[in-house]
Amino acid sequence: MPPRIPNAPSSLLLQSSACSGSSSRCTASRLPTWASSCSSSSPQSSQPTTHQQQCSSFSTTAPAHVQSVRRQKMFTWLDKKGSAYKEHTRQGPNLLGGQGKDGLAVPFPNNPYFKSQPVLSEGSREIIYKDVMENGLPIKAVSAKYNVDVRRVAAVIRLKEIEKRWIKEYKPLARPYARAVMKMLPQTVLGGPDQKPHESINDVYVHSYTTQQLFVPVSESREFTREDAAKAFGDHILPVDKKLRVPELIEFQKDLLKEVPLQEANRKFLNATAASEAKIAEREAKRRQAVEDAITRVKTDRFEFRFQEYNAENVGHDGRDRNAVGWRYGVPFPDRKRSQIKIPTKVE
């Protein structure tokens, strides 16, 4: 906190006033600025005037009674050009930067490289939900069909499930707020004749090990594939074919290059994606079952105690492994929180 400037004594204020009786400001060349900023209408008066009483001990200059040039320009812009942005009256974004050459909205005029990415419209989310939950299409197939990332498709399905459950439970939904926000954002409409890709679905993550340059001697008779290149950077580096979110699209494109009929290629693609998701679901179910089998549950009237065997020596190379004993701790009941009843309310 800055030091507080002490108030000027009345005698010093009387000595520093060098203006006439009708003057509102006074000047002093050899006195402090805080002493010369105040004035009095009567130099011989020992009582502080109204202007002296209003002088703040933090102020070093007199208050300005006129607007600055920048403030005047701001209000002029608000009355003329800025009036178009006061209320949102159209469908879609209404931003200062307008639209860039690629058609994306630019929120900040001084930063044309920042673009406002479109979001899925309400109808598009409903289409994705119906394709997966009612038509039974695999999530990867829906992602490839509409050019929407697999993770976004899964998120849309989860949110739609919550929304429909709330509707059945008669819980209120923020429909007006959602409509107002969606009205101001760029949207992607799926299923139309002029449908555009929503986003890239096969972006490859670049591992830091692959940014270095290597010289690997290879015989001329050997075929050097992407798997060999990944192994050259490290045994744990995956090839590009296995890094993709939808690797089945590679085989789909190969079938099209081999002049396989489109319907046959689509059928093979759907079967491959369904088999891939079935393997993932089976692996996740086995993992959850293994975790559940390793836990012994003991239920009481108030708590459910869970016991699990741990190896105290398994602490990792640095002694702080996340699976080590003591990494997580807690209490079975929130009795250390405020506003909690900490005494028994009944005898059992």
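Because the structure is a prediction, the values reported are computed rather than measured. Values below: all heavy atoms of this structure, side chains included; hydrogens, waters and symmetry mates excluded.
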Point-to-point distance, once rounded to the nearest 0.5 Å, from CG of L238 to CZ of R226: 13.5 Å
What one should report as the nearest heavy-atom pair of P138 and L270 is CG-O, 4.1 Å
Backbone of I280 reached by a side-chain donor or acceptor of E284 within 3.5 Å: no
Determine, step by step, whether M133 and I157 satisfy the side chain to side chain contact (heavy atoms under 4.5 Å, CB included) criterion, reporting the C-alpha distance in whole Å, the side-chain angles of both residues, the deciding distance to 0.1 Å, and the verdict. CA-CA 8 Å; M133 302 304 296; I157 296 171; 3.9 Å; yes
Please check if atom CD in E259 has more than 12 non-hydrogen atoms from other residues, nucleotides or ligands closer than 6.0 Å. no
So, are E282 and K286 salt-bridged, with charged N and O less than 4.0 Å apart? yes
Quick one: do E264 and K258 make a salt bridge, cutoff under 4.0 Å? no
Stepwise, does the side chain to side chain contact (heavy atoms under 4.5 Å, CB included) test hold for V246 with F269? CA-CA 10 Å; V246 191; F269 174 73; 4.1 Å; yes
Do the side chains of I237 and V240 join up, straight or via other hydrophobic residues, at under 4.5 Å, putting them in one cluster? no
Do the ring planes of F307 and F305 sit parallel (below 30°), tilted (30 to 60°) or perpendicular (above 60°)? parallel
In terms of heavy-atom contacts, does CZ of R71 have more than 12 from other residues, nucleotides or ligands at under 6.0 Å? no
Within one Ile-Leu-Val-Met-Phe-Trp-Tyr cluster: V204 and I201, side-chain cutoff 4.5 Å: no
Give the minimum heavy-atom separation between A84 and N94, together with the two atoms involved. O-ND2, 3.2 Å
Where is the tightest heavy-atom contact between T273 and A141, given as atom of each residue plus distance? OG1-CB, 4.2 Å
Return yes if some donor-acceptor pair links the side-chain N/O of T188 with the main-chain N/O of H198 below 3.5 Å, else return no. no
Strictly distance-based, threshold 3.5 Å: is any side-chain N or O of E199 a donor or acceptor partner for the main-chain N or O of D149? yes
Heavy-atom pair with the smallest gap, counting every atom of S83 and K80: OG-O, 2.7 Å
Working to the nearest 0.5 angstrom, can you tell me the gap between D79 CG and K86 NZ? 9.0 Å
Check this for me: does any side-chain nitrogen of one of E277 and K140 sit under 4.0 Å from a carboxylate oxygen of the other? no
Residues two or more places apart in sequence or in another chain: which of them pass side-chain contact (heavy atoms from CB on, under 4.5 Å) with L159? none
Any chain of hydrophobic side-chain contacts (each under 4.5 Å) joining I128 to V119? no
Does P186 reach the side chain of S116, with side-chain heavy atoms less than 4.5 Å apart? yes
Once rounded to the nearest 0.5 Å, what's the spacing between atom CG of L185 and atom OG of S121? 12.0 Å
Would you give the length of the straight line joining atom CD1 of I295 to atom CZ of R306, rounded to the nearest 0.5 angstrom? 7.0 Å
Between the CD atom in Q117 and the CZ atom in F114, the distance rounded to the nearest 0.5 Å is 8.5 Å
Evaluation steps, side-chain hydrogen bond (donor to acceptor under 3.5 Å, both in side chains), between Y129 and E161: CA-CA 9 Å; Y129 178 80; E161 285 287 343; 3.0 Å; yes
Side chain of S276, backbone of A272: donor and acceptor closer than 3.5 Å? no
What residue pairs, at least two apart or across chains, pass salt bridge (Lys or Arg N to Asp or Glu O under 4.0 Å) with a residue in residues 118-138? E122-R125, E122-K160, E126-K160, E126-K164, D131-K145
Closer than 3.5 angstrom, by distance alone: can the side chain of T210 be matched with the main-chain N or O of V206 as a donor-acceptor pair? no
Is it true that R222 and D228 make a salt bridge, defined as a side-chain N closer than 4.0 Å to a carboxylate O? yes
pair W166-L173: side-chain heavy atoms closer than 4.5 Å: yes
Would you indicate whether K231, at its atom NZ, is surrounded by more than 12 heavy atoms from other residues, nucleotides or ligands within a distance under 6.0 Å? no
Can you tell if the side chain of K171 reaches within under 4.5 Å of the side chain of R165, non-hydrogen atoms only? no
Can you say whether the rings of Y85 and W77 are parallel (under 30°), tilted (30 to 60°) or perpendicular (over 60°)? parallel
Side-chain heavy atoms nearer than 4.5 Å, only ILVMFWY residues, links allowed to pass through others: does that put M184 and L95 together? no
So do K268 and E248 actually touch side chain to side chain, heavy atoms under 4.5 Å? no
Are side-chain heavy atoms of V218 and V216 found at a separation under 4.5 Å? yes
Output field: ring centroids Y209/F233 closer than 6.0 Å: no
Under 6.0 Å from the CD atom of E309, do we count more than 12 heavy atoms belonging to anything else shown? no
Contact check, side chains of L214 and Q212, non-hydrogen atoms, under 4.5 Å: yes
Please tell me whether V148 and L244 are part of a single hydrophobic cluster in this structure, the criterion being side-chain heavy atoms less than 4.5 Å apart. no
Taking the side chain as C-beta and beyond, is there a heavy-atom pair between N111 and Y113 under 4.5 Å? yes
Can you check whether L120 reaches R152 side chain to side chain, under 4.5 Å on heavy atoms? yes
For atom CD of E227, decide whether the heavy atoms of other residues, nucleotides or ligands shown that lie under 6.0 angstrom number more than 12. no
NZ of K73 to CD of Q67, rounded to nearest 0.5 Å, is 13.5 Å
Donor + acceptor pair across side chains of D203, S200 (<3.5 Å): yes
